[in-house]
Number of protein chains: 2
Amino acid sequence: MIHSSNERYHLKLIENGIQSSFQRIQVLKYLYECEGHANAEDIYQALHGEIPTLSRTTIYNTLNLFLEKGLVRVISIDGVEKRYDVILADHGHFKCESCEKIFNFPVEMDRIPLEGLVGFQVTEKNVYFNGLCPDCIQTKNQKGK
Amino acid sequence: MIHSSNERYHLKLIENGIQSSFQRIQVLKYLYECEGHANAEDIYQALHGEIPTLSRTTIYNTLNLFLEKGLVRVISIDGVEKRYDVILADHGHFKCESCEKIFNFPVEMDRIPLEGLVGFQVTEKNVYFNGLCPDCIQTKNQKGK
DNA sequence: TTCTCTGCAAACGCTTTGCACGGAT
DNA sequence: ATCCGTGCAAAGCGTTTGCAGAGAA
């Protein structure tokens with residue numbers, strides 16, 4: 001059901017001063033549904049089945065437009081991949097070194113001490129952790145038996 | 001004086017199970033001297049004056065070797081650039097949106113609450129902030145007058 | 001009609017790969 | 001003689017650009 005609850009995303013685009021289109025709605029919808037950790041290729045793979053004529057250029061155009069309008073931000077946990085995040089509330093990102101999934105976790109950014117940044121004007125805060133997620137820890141323990 | 005205090009870096013390489021070479025010493029030295037925020041091109045530009053035959057391939061080979069041996073880690077504040085960090089003690093990175101310089105600042109990672117990561121095993125913690133550095137704030141204020 | 005979204009093709013920049021030379025062991 | 005570090009050239013990959021056709025306003 002490709003059209004379910006598209007109205008919500010349609011409005012979100014307009015709210016942010018972005019002209020709505022089918023492709024843009026689908027990209028935004030996908031970003032929300034995957035919890036905002038997709039890269040351009042993920043989005044392309046997810047959508048070009050339903051929109052066979054979809055081009056990667058459109059994905060890139062759309063993501064850059066969203067970025068410019070403040071609808072998404074870029075995250076990059078290890079400097080290799082560029083991923084897009086729609087959830088702008090305070091949260092950190094955790095990347096599992098084994099399964100490579102990215103998890104959100106709440107972080108009260110205000111509790112991070114800023115003594116070292118006197119005189120700086122901070123506009124964005126990112127916290128990136130790496131390690132093993134519960135599933136992968138369990139898998140490893142089972143193998144070890 | 002290209003050879004000044006190279007012994008220190010020579011030993012550092014051997015300590016980390018890396019066969020020493022002139023190029024590798026120079027790369028490591030540069031990473032320490034620039035406080036660890038260089039990308040491959042920075043290193044190439046800095047060194048190929050003194051080592052005219054130096055190739056970018058060697059820089060990449062060397063950085064990947066260092067990474068593998070745990071001598072450096074990759075940082076990427078905005079997902080666009082891959083930079084290498086040799087300073088492994090607890091610190092955050094601040095990138096100025098105007099002059100694009102990267103600053104270190106001390107962060108006590110242990111004070112970041114982990115309630116959201118129960119069951120996870122955290123091996124690496126990164127804190128990336130963006131904003132304006134004191135110099136650029138001043139420059140902007142002067143323009144505004 | 002006019003504007004702009006879309007998407008193909010080509011260009012681009014950074015990084016990796018294949019391979020051969022040369023120095024070190 | 002063997003091994004490994006180096007570096008040229010070419011390939012690879014993700015992203016951007018130029019441009020033309022389609023669709024919306």
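Protein chains get the first letters and strands the later ones, always in sequence-line order, with residue 1 at the start of each.
Shown are His91(B), Arg73(B), His93(B); of these, the side-chain hydrogen bond (donor to acceptor under 3.5 Å, both in side chains) with Asn126(B) is made only by Arg73(B). Tested against Leu31(B) for a side-chain contact (heavy atoms from CB on, under 4.5 Å), the candidates Asp85(B), Val72(B), Asp42(B) yield a single pass: Val72(B).
Ranking dT6(D), dT15(C), dT16(D) by closeness to the Asn64(A) side chain, first place goes to dT16(D). Distances were taken from every side-chain heavy atom of Tyr60(B) (C-beta onward) to each of dG7(D), dC14(C), dG18(D); the shortest belongs to dC14(C). When distances are taken from the side chain of Arg24(A) to each of dT16(D), dG7(C), dT6(C), the shortest belongs to dT6(C). Comparing dG7(C), dG7(D), dT6(C) against the side chain of Thr53(A) picks out dG7(C) as the nearest. Side chain of Lys82(A), nearest nucleotide from dG7(D), dC4(D), dT15(D): dT15(D). Between dA25(D), dT6(C), dG7(D), one nucleotide has an atom nearer to the side chain of Asn61(A) than all others, and that is dT6(C). Counting only heavy atoms from C-beta on, Gln19(A) has its side chain closest to dA25(D) among dA25(D), dG7(D), dG7(C).
Here Lys125(B) contributes atom NZ and Phe94(A) contributes atom CZ; the two are 11.0 Å apart, rounded to the nearest 0.5 Å.
Applying the 4.0 Å criterion to OP1 and OP2 of dG7(D), one finds that Thr58(B) has a side-chain N or O inside that range.
The interatomic distance linking Glu41(A) (CD) with dG12(D) (C1') rounds to 14 Å, in whole Å. Spacing between atom CZ of Arg56(B) and atom P of dT17(C) amounts to 18 Å, rounded to whole angstrom units. Look at CD1 on Ile18(A): it is 11 Å from P on dT6(C), rounded to the nearest Å. The separation between Asn39(A) atom CG and dC13(D) atom P is 15 Å, rounded to whole Å. dG23(D) atom P lies 15 Å from atom CD1 of Ile51(A), rounded to whole Å. With rounding to whole Å, Leu63(A) atom CG is found 13 Å from dG14(D) atom C1'. Per the geometry, CG belonging to Leu65(A) stands 17 Å off P belonging to dT15(D), to the nearest Å. Rounded to whole Å, the distance from OH on Tyr44(A) to C1' on dG7(C) is 10 Å.
Judged by distance alone, with hydrogens and angles left aside, Ser55(A) brings no side-chain donor or acceptor close enough to the base of dC8(C) to form a pair under 3.5 Å. No donor-acceptor contact under 3.5 Å links the side chain of Ser21(A) to the base of dC5(C).
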Apply the test ring-ring contact (aromatic ring centres under 6.0 Å, His included) to residues Phe129(B) and Phe105(B): give CA-CA distance (whole Å), side-chain angles for both, the deciding distance (0.1 Å), then the verdict. CA-CA 10 Å; Phe129(B) 285 8; Phe105(B) 65 95; 5.4 Å; yes
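In this structure, the side chain of His10(B) does not engage the main chain of Asn6(B) through any donor-acceptor pair within 3.5 Å.
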